[in-house]
Number of protein chains: 2
Amino acid sequence: MDAGQIRQVRHFNRAVTRRIGVLTDDYLGRGRSLGEARVLFEIGRDGANVRDLRVRLLLDSGYLSRLLRALEKQGLATLRRADDDGRMRRATLTRKGLRELDALDRRSQDFAASLLAPLGGPQRERMIAAMGEVERLMRASMVTIDPVDPGSADARACIEAYFRELDARFETGFDSTRSTSADPGELVPPAGLFLIARLDGQPVGCGAMKVKGRRLGEIKRMWVAPSTRGLGIAQRLLAALEKYAVEIGLDKLQLDTNRTLREARALYARNGYVEVPPYNTNPYADHWFEKRGLRQRKSGRVEKKPRRIRSPANQSPTGC
Amino acid sequence: MDAGQIRQVRHFNRAVTRRIGVLTDDYLGRGRSLGEARVLFEIGRDGANVRDLRVRLLLDSGYLSRLLRALEKQGLATLRRADDDGRMRRATLTRKGLRELDALDRRSQDFAASLLAPLGGPQRERMIAAMGEVERLMRASMVTIDPVDPGSADARACIEAYFRELDARFETGFDSTRSTSADPGELVPPAGLFLIARLDGQPVGCGAMKVKGRRLGEIKRMWVAPSTRGLGIAQRLLAALEKYAVEIGLDKLQLDTNRTLREARALYARNGYVEVPPYNTNPYADHWFEKRGLRQRKSGRVEKKPRRIRSPANQSPTGC
DNA sequence: TCCATTGTCTGACTATAGTCAGACAATGGA
DNA sequence: TCCATTGTCTGACTATAGTCAGACAATGGA
């Protein structure tokens, strides 16, 4: 990443926070503190348990309690015991509270509209497209990749989703018991590695590697949730697996894949995997790949720590 | 603008403020209040007059005075009388203050880098491009268009820049005294109209119309500053002139232009102006255009008030 | 039945970000 | 020389957003 890119991001941050800061201050503020507005929004049309409000808004329980009391005093919300657990309290908006929520919603919509209104049709469409892109990529940059126990709930959820998808996509369907094995025990160091990708705490992808010899490993279980494809998550999973393989001294990685998984084949080809003759009898495999000389090459792409770049530029601190 | 577009903008606002909010809170906060950090940034490497700080940061003079005192007490800034005006005070950063500014700068840069770091090369480039696009279009949406006295300083600055540009672009150069007239007096209602486009208070474009008959007007002085081209400003100026023309009962608009001004010709063609035989002897004109039936057509594009769209969606108030 | 845990609330704080009136000094034309 | 204006500062406030310890009630296994 170069200094010009960093500069663009800082400019963007500044421009956007300036413009959107107006929203928080002027639009939503109107006579109500931001804290109260946030709680009102979060209670929403269906009501919410106080506990959930606390978690979602990351508020101190004492502070939240007082904000709720303030809403109650203004006749915007009511609190009663939750039906299922007497310790919990459930907040619901009164009719007046709902009207207030409508008003907030409208102001927020007006603000969004005011950003688009001065633009012409073509500019407006470009704006929408660019905003969508930034949003998607910001989400992508929030995806974390970590090794987990393949027996954990998150890992099992990914594997099940993976199998379900294979079953749907393979012409013959998919039965995991007929496929080549990869028991959870095989995917824990030193026998292997299981990585999970998460977004906002939710699992959105996985990838595993199984050690098959002193220098040889096999890539398994590469899967990314449909909702988060196109964000480069599979690429990051693969890079992380390769990095680990190099660390434990492997030199060659192999994998098999089904003809219906085109994206996967493209990913492997892009990363220097070459097609080889079948090395197993997996009935679901149509293509076999391997990548040699892992330790020689500066493996494809490794995640780096952000580099610090000094610049004499003087930047405003609000969103720089 | 449709409901889907509004929804995209709101999603964007929420996603971006969440992510960038982290910056303001965590990155820049570190042991110093946001207010102090902002003042430190704004004083900058060259120092600044207190008065300018007040204007640029929109701070109450009492509040700013206290913030400066706090910085002084921490040994980060010094204050002394301004050389040129004994009422004003000039703030400069001490060596320690400069080090602090470096640290803030670095944190801000790290934050920008942390947004890009998890992305792969292609994603990173797409992010930069999309951010640039959003920023440009947000700037575009902040451009205001207002009628002004063509004799005002801003108007004169635009006209001079316009003449300078014509002089540079025309093969023969440009001498305003040889061109067809448009004295300031002719561009004030009811004889005409002079519009100015401004961004952050700075003039960035102009456009004028001269009434030539009961039903006929002529477009003059269409110019947009090079730094803000491609934002649809000329389109908006033209639409605003046409709207005014319709309001005062004109039915036909004419204009002439030089062959070197290709963008202008494209703009007019796009807006329904058709080329006609010369209607004057302006030595700098190579093309003559007119648009008839202004009052019949729902003139090209008119700026509308944002429409309110109700939706049951429940949205978080922080950047929605 | 006991008791650790969970969820909520209250009281007592603090820091930040401001607002407003009025004092005071310097300035720059009339 | 006068005096309105400009720029800064001080004192006296306020609202918001929070933190933290401890009280209390309900829950759900051991």
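In what follows, every chain begins at residue 1, and chains take the letters A, B, ... in the order their sequences are listed.
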According to salt bridge (Lys or Arg N to Asp or Glu O under 4.0 Å), who are the partners of [X], at least two apart in sequence or on a separate chain?
X	result
A/Arg87	A/Asp85
B/Glu133	A/Arg126
A/Arg69	A/Glu72

Would you please enumerate the stems DNA chain D participates in, each stem being three or more consecutive Watson-Crick or G-U wobble pairs with both distances under 3.5 Å? C:1-30 with D:1-30
Can you check the B/Arg80 CZ to D/dT8 C1' distance for me, whole Å?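 Checked: the CZ to C1' distance equals 16 Å.
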Expressed in angstrom and rounded to an integer, what is the separation of A/Glu36 atom CD from D/dG18 atom P? 13 Å
OP1, OP2 of D/dT8 versus side-chain N and O of B/Arg54: anything below 4.0 Å? yes
Please confirm whether the shortest side-chain N or O distance from B/Arg51 to OP1 or OP2 of D/dT6 is below 4.0 Å. no
Please tabulate, for side-chain N and O atoms in residues 152-163 of chain A, each donor-acceptor pair with protein atoms closer than 3.5 Å (sequence neighbours left out).
residue  : atom : partner  : partner atom : Å
A/Ser152 : OG   : A/Asp149 : O            : 2.8
A/Ser152 : OG   : A/Ala155 : N            : 3.4
A/Asp154 : OD2  : A/Arg198 : NE           : 3.0
A/Asp154 : OD2  : A/Arg198 : NH2          : 3.1
A/Arg156 : NH1  : A/Gly151 : O            : 2.7

Please list all pairs meeting side chain to side chain donor-acceptor pair (under 3.5 Å) that have one or both residues in residues 47-61 of chain A, counting only residues at least two apart or in different chains. A/Glu42-A/Arg56, A/Asn49-A/Arg90
Below 3.5 Å is the cut-off: list the nitrogen or oxygen pairs between protein and nucleotides 20-30 of chain C, distance only.
residue : atom : partner : partner atom : Å
C/dT27  : OP1  : B/Gly86 : N            : 2.8

Quick one: list whatever passes side-chain contact (heavy atoms from CB on, under 4.5 Å) with A/Arg99, sequence neighbours left out.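 Counting only residues at least two positions away or on another chain, A/Arg99 forms a side-chain contact (heavy atoms from CB on, under 4.5 Å) with A/Arg95, A/Lys96.
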Please enumerate all residues that pass side-chain contact (heavy atoms from CB on, under 4.5 Å) together with B/Leu193, with sequence neighbours excluded. B/Pro147, B/Pro189, B/Leu195, B/Leu241, B/Tyr244
